[in-house]
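Remember, it's 1-based here, ligands and their atoms both numbered in the order they're listed. Keep in mind it's a predicted model, so treat the numbers as computed, not measured.
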Amino acid sequence: MAEKGLLFVVSAPAGCGKDTILNELFKKTDSAGYAVSATTRSPREGEVNGVHYHFITREEFERKIDEKEVLEYTEYCGNYYGTLRKSVNDLIERGKDAILKIEVEGAMNIRRLFPEACLVFILPPSWEVLEKRLRDRGTESEEKIIERTRQARTEIGYAKNYDYLIVNDKLAVAVDDLLAVLRAEKLRRSRNDALLNGFEEGGDA
Ligand code: 5GP
């Protein structure tokens, strides 16, 4: 089977539970790792530098862009977010699949740079459920909820460009679905030509 790690992108609008899905996934497999991005936004409560993000200043971020240390980046709600080349390479070279948890435009850029990357989009079960989840967080004003719902609509518009869709209705099912995608991608014939070559050259059938 493919020995080098593969590149996966996971995107979802806010409220679809992608962080929870990924946290559960990493409890179930150590064949994949999270490629930690850099951002200029401030850490939220409980976020750890180097684990959730590399929290850096705008100057540092811009230096990284100039020195080609970021594979792709975007400005989202006034902050820079970018995939660090080193975060991805460190995982892939150790044979681990690199999971990029990035928004839709970043995902499209990754697709252009790495056509072999696998893109997974996580959907809510319905609009009603998504809105309810955003409201139940209880941390945001009505105005913010409307803005996030509008943003979700735009983001879901990109889902047609992804390879896999996972509906997060029941968490355990969504996690299993993502594990299945990771596994199936490793078995793709196109990623395992070396395996077939061995059979074509030898054998007495
Ligand atoms: P948050 O501030 O909620 O952690 O992230 C905001 C959005 O930025 C999320 O959709 C997240 O997936 C996305 N994001 C995080 N890191 C990156 C990155 O490196 N590149 C891009 N393009 N988006 C990112």
Option from Asp169, Asp177, Val175 for which side chain to side chain contact (heavy atoms under 4.5 Å, CB included) with Val173 holds: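 Considering Asp169, Asp177, Val175, a side chain to side chain contact (heavy atoms under 4.5 Å, CB included) with Val173 is found only for Asp177.
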Given Thr83, which partner from the list Leu113, Val70, Ile102 fulfils the side chain to side chain contact (heavy atoms under 4.5 Å, CB included) test?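 Testing each of Leu113, Val70, Ile102 against Thr83, the sole residue satisfying side chain to side chain contact (heavy atoms under 4.5 Å, CB included) is Ile102.
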I want to check something: taking the side chain as every heavy atom from C-beta on, are [X] and [Y] in contact at a cut-off of under 4.5 Å?
X      : Y      : result
Ile166 : Phe121 : no
Lys101 : Leu22  : yes
Glu185 : Arg191 : yes

For each nitrogen or oxygen atom of ligand 1, which protein N/O atoms lie closer than 3.5 Å, and how far apart are they, rounded to 0.1 Å?
| residue | atom | partner | partner atom | Å |
| --- | --- | --- | --- | --- |
| ligand 1 | 2 (O) | Arg41 | NE | 2.7 |
| ligand 1 | 2 (O) | Arg41 | NH2 | 3.4 |
| ligand 1 | 2 (O) | Arg44 | NH2 | 3.1 |
| ligand 1 | 2 (O) | Tyr81 | OH | 2.5 |
| ligand 1 | 3 (O) | Arg44 | NH2 | 3.0 |
| ligand 1 | 4 (O) | Arg41 | NH2 | 2.8 |
| ligand 1 | 4 (O) | Tyr53 | OH | 2.6 |
| ligand 1 | 5 (O) | Tyr53 | OH | 3.3 |
| ligand 1 | 12 (O) | Lys101 | O | 3.0 |
| ligand 1 | 16 (N) | Ser37 | OG | 3.3 |
| ligand 1 | 19 (O) | Ser37 | OG | 2.6 |
| ligand 1 | 19 (O) | Gly82 | N | 3.3 |
| ligand 1 | 19 (O) | Gly82 | O | 3.1 |
| ligand 1 | 19 (O) | Thr83 | N | 3.1 |
| ligand 1 | 20 (N) | Glu72 | OE2 | 2.7 |
| ligand 1 | 22 (N) | Glu72 | OE1 | 2.9 |
| ligand 1 | 22 (N) | Glu72 | OE2 | 3.4 |
| ligand 1 | 22 (N) | Glu103 | OE2 | 2.7 |
| ligand 1 | 23 (N) | Glu103 | N | 3.3 |

Residue Tyr53 excluded, over 12 heavy atoms near OH under 6.0 Å: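 More than 12 within 6.0 Å, yes.
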